[in-house]
Undergrad: 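Dumping the structure here so I can ask a few things about it.
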Amino acid sequence: MHIPDGYIDLPIALAVAALSVAVLSLAAKRVNGEIPDSRAPLLGVVAAGVFAAQMLNWPIPGGTSAHFVGGAFAAILLGPHLGALCVATVVAIQALVFGDGGLVVLGANVFNMAIVEVYVGYAIYRVLAPYGEFRAAFAAGWLGITAGALAAAVQLGLSSAFEYQLLTTLAIMGVGHLALGLVEGAITAFVYRYLARARPDLRPDAAAEVTA
Amino acid sequence: MSGRALFDRTVATVAERARWFLLAEDLPDRAGFLQAVTPSVKLLGVVALVALTVAQRSLPTVAALALLSAALAALSRVPARTFLGRLTGPPAFALVVVAPQAALMGGPTLGPLPLSAAGVDYVLTFVVRVAACVGFLSVLLVTTQFSDLLGALRRLRAPPIAVSLLGITYRYLLLFFAELERLVRARRSRTVAEPSLRRTWRDSGNAVGSFLVRSLERGERVQRAARARGGTGRTPVLPRESLGTADLAFGLVVALAVAVVVA
């Protein structure tokens, strides 16, 4: 879902980047008023862990494999605000070190993967958790990534550089990610099940945010 | 796909990422044009060139900008294999994505083919535009050490906490790559019989869960250690940079490109 440069019109990329900066600033302020510098090591190290975890291949029936994205899981593990900052760091490292995604569209990629996916995933988890945490984690991963894809579809569909109409991009990316997102949902659920058994103290209802 | 093949694929992915990571640390040490440009000037210039490219809708213009990115790579002594290797993936994917437009767009067709001239022009322009943007980003990444890029972001007044986060994450990448590789190799060595799909998923869930919990615990240890040492997590104040001939030359290249394209 990393959009490279050249797909999205410059004004749209800049507007979404401004929105990303505003949301992440707000997230930083919601975490203890301001993120204290002493918290940067925790977030930075966890971001490196999430990045590495994305490289593990998961088998898919039919002979292919998929990988973990982890936006919704980061929100469940760290809380939505720290989760958004963590995934934003991962997305920025992917662009600035490995060239995944573009430079001018970095703000748009952060918006789709670190804001929409994380906050939507977390909201779904919180709403569904009373009916079963495992199922809630599955839905969070599944619908979180689908929401991120729909946000990307809106940006692409509104761009004159990308000739497909908005309804087409929404239909293709929405339906595609509703199917692909099942894999992300299943991975999120399996990883969550381990977390709930091994470190129940890290579950959101045990501690809303990671404490220093 | 067998469990062993799956482990091998993960190890290959980790190795590829680590190889690029080390290459991106090594190439900026070569003497070359962009290596001599001050990182903040280079970052601003490359962002300007990418922004300029994104706004273009004419094939000759985006082709000229793609050539400019190749020329910058050649002047910076970026190995052709590395540069072209970076340049193949995203444009090829872009071609797959927009190729149907060659038939969907209206207008006069190209001879007996069911493709419109406007559609083919759009597809080519789109693909070359993506290639030019990837080219500019690639020359930035392979001619600038990440620490210099972070310094440039600080100088350009990016939020200090964002720069700190990027720096810390970068520092731990190789460590986590190695840890993941060890984890996968250990699982592979323990795999005697081919596990079922359900078993593989359960084991992978346990592996990733334990890996992430260990990451979190390591993060907490690093955070406590930094606090105990009185570390603020911020990079020290950077010395002033004086601009040189290479900065002036690169500035002229960017200004000329903007002037020619906009005029």
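What you see below is based on every heavy atom in this structure, not just the backbone, and it leaves out hydrogens, waters and symmetry mates. Letters A, B, ... are given to chains in the order of the sequence lines, protein chains preceding strands, and every chain is numbered from 1.
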Undergrad: For Val98(B), is it the side chain, the backbone, both or neither that has a heavy atom under 4.5 Å from a heavy atom of chain A?
TA: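 Contact with chain A involves both backbone and side-chain atoms of Val98(B).
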
Undergrad: Report which part of Tyr122(B) has an atom under 4.5 Å of a heavy atom belonging to chain A: side chain, backbone, both, or neither.
TA: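 Interface part for Tyr122(B): side chain.
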
Undergrad: Hey, could you give me the OG1/CG distance between Thr53(B) and Leu65(B), rounded to the nearest 0.5 Å?
TA: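 Thr53(B) OG1 to Leu65(B) CG: 4.0 Å, rounded to 0.5 Å.
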
Undergrad: Which atom names give the shortest non-hydrogen contact between Thr168(A) and Tyr164(A), and what distance separates them?
TA: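 So the minimum-distance heavy-atom pair works out to CG2-CD2, 4.1 Å.
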
Undergrad: Counting only heavy atoms closer than 4.5 Å, note whether Leu14(A) contacts chain B via side chain, backbone, both or neither.
TA: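 No part of Leu14(A) comes within 4.5 Å of chain B.
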
Undergrad: Taking all atoms of both residues into account, what is the closest heavy-atom pair of Leu78(A) and Cys86(A), and its distance?
TA: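 So the two residues come closest at CD1-CB, 3.8 Å.
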
Undergrad: With a 4.5 angstrom heavy-atom cut-off, could you sort out which part of Ala186(A) is near chain B: side chain, backbone, both or neither?
TA: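 For Ala186(A), the contact with chain B is made by backbone and side chain together.
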
Undergrad: Which atoms of Phe136(B) are under 4.5 Å from chain A, going by heavy atoms: the side chain, the backbone, both sets, or neither?
TA: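 When you check distances to chain A, no heavy atom of Phe136(B) falls under 4.5 Å.
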
Undergrad: Among the options Ala94(B), Ser138(B), Ala162(B), pick out the one with the most heavy-atom pairs lying under 4.5 Å from chain A.
TA: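 Top count of heavy-atom pairs under 4.5 Å with chain A: Ala94(B).
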
Undergrad: Roughly how far, to the nearest 0.5 Å, is CG of Leu24(A) from CZ of Phe111(A)?
TA: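 Between atom CZ of Phe111(A) and atom CG of Leu24(A) there are 10.0 Å.
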
Undergrad: With a 4.5 angstrom heavy-atom cut-off, is it the side chain or the backbone of Leu137(B) that approaches chain A, or both, or neither?
TA: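 For Leu137(B), side-chain heavy atoms alone lie under 4.5 Å from chain A.
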
Undergrad: So which residue, Thr144(B), Thr13(B), Val47(B), Asn206(B), ends up with the most heavy-atom pairs under 4.5 Å with chain A?
TA: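 Among Thr144(B), Thr13(B), Val47(B), Asn206(B), the one with the most close pairs to chain A is Asn206(B).
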
Undergrad: Tell me which of these, Val130(B), Val46(B), Val134(B), Leu104(B), has more heavy-atom pairs under 4.5 Å with chain A than the rest.
TA: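 Sorted descending by pairs with chain A, the first entry is Val130(B).
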
Undergrad: With a 4.5 angstrom heavy-atom cut-off, is it the side chain or the backbone of Pro159(B) that approaches chain A, or both, or neither?
TA: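 Contact with chain A: none, neither part.
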
Undergrad: Specify whether Phe126(B) and Tyr7(A) have parallel, tilted or perpendicular ring planes, treating 30° as the upper limit for parallel and 60° as the lower limit for perpendicular.
TA: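 Answer is perpendicular, since the angle exceeds 60°.
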
Undergrad: Where do Tyr194(A) and Gly205(B) come nearest, in terms of heavy atoms and distance?
TA: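 Heavy atoms of Tyr194(A) and Gly205(B) come nearest at CB-O, 3.9 Å.
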
Undergrad: Of the backbone (N, CA, C, O) and the side chain (C-beta and beyond), which part of Ala198(A) lies under 4.5 Å from a heavy atom of chain B, both, or neither?
TA: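 For Ala198(A), neither part sits under 4.5 Å from chain B.
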
Undergrad: Let me know if Arg57(B) has heavy atoms under 4.5 Å from chain A in its side chain, its backbone, both or neither.
TA: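 Contact with chain A involves the side chain of Arg57(B) alone.
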
Undergrad: Can you tell me if Ser159(A) uses its side chain to pair, donor with acceptor, with the backbone of Ile8(A) under 3.5 Å?
TA: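 A pair under 3.5 Å: no.
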
Undergrad: For Phe51(A), is it the side chain, the backbone, both or neither that has a heavy atom under 4.5 Å from a heavy atom of chain B?
TA: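 The side chain, not the backbone.
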
Undergrad: Quick check for you: among Thr169(B), Val142(B), Leu175(B), Val184(B), which has the greatest number of heavy-atom pairs under 4.5 Å with chain A?
TA: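 Maximum pair count with chain A is reached by Thr169(B).
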
Undergrad: Heavy-atom distances under 4.5 Å only: say whether Val21(A) touches chain B with side chain, backbone, both or neither.
TA: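 Nothing of Val21(A), per the 4.5 Å heavy-atom cut-off to chain B.
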
Undergrad: With chain B, which of Thr188(A), Val105(A), Leu96(A) has the greatest number of heavy-atom pairs at distances under 4.5 Å?
TA: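 Answer, by heavy-atom pair count under 4.5 Å with chain B: Leu96(A).
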
Undergrad: For Ser210(B), is it the side chain, the backbone, both or neither that has a heavy atom under 4.5 Å from a heavy atom of chain A?
TA: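 It is both, since atoms from each part get that close.
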
Undergrad: May I ask you to check whether Phe68(A) and Phe211(B) place their ring centers less than 6.0 Å from one another?
TA: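 Between Phe211(B) and Phe68(A), which both carry aromatic rings, the centre distance is not below 6.0 Å.
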
Undergrad: For the interface with chain A, which of Val208(B), Leu180(B), Val54(B) has the highest count of heavy-atom pairs at distances below 4.5 Å?
TA: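 That would be Val208(B).
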
Undergrad: Nearest 0.5 Å please: distance from the CG atom of Leu182(A) over to the CZ atom of Phe138(A).
TA: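 Spacing of CG (Leu182(A)) from CZ (Phe138(A)) equals 5.0 Å.
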
Undergrad: Which of the residues Gln56(B), Arg86(B), Glu179(B), Arg221(B) is involved in the greatest number of heavy-atom pairs with chain A at under 4.5 angstrom?
TA: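 Answer, by heavy-atom pair count under 4.5 Å with chain A: Arg86(B).
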
Undergrad: Where do Asn112(A) and Gln155(A) land on the side-chain hydrogen bond (donor to acceptor under 3.5 Å, both in side chains) test, with the steps shown first?
TA: CA-CA 10 Å; Asn112(A) 302 334; Gln155(A) 292 149 21; 2.8 Å; yes

Undergrad: Crowded around Arg214(B) CZ? As in, over 12 foreign heavy atoms under 6.0 Å?
TA: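 Count over threshold, so yes.
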
Undergrad: Is it true that atom CZ of Phe93(B) has more than 12 heavy atoms of other residues, nucleotides or ligands lying nearer than 6.0 Å?
TA: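 For Phe93(B), atom CZ is not crowded (no more than 12 foreign heavy atoms under 6.0 Å).
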
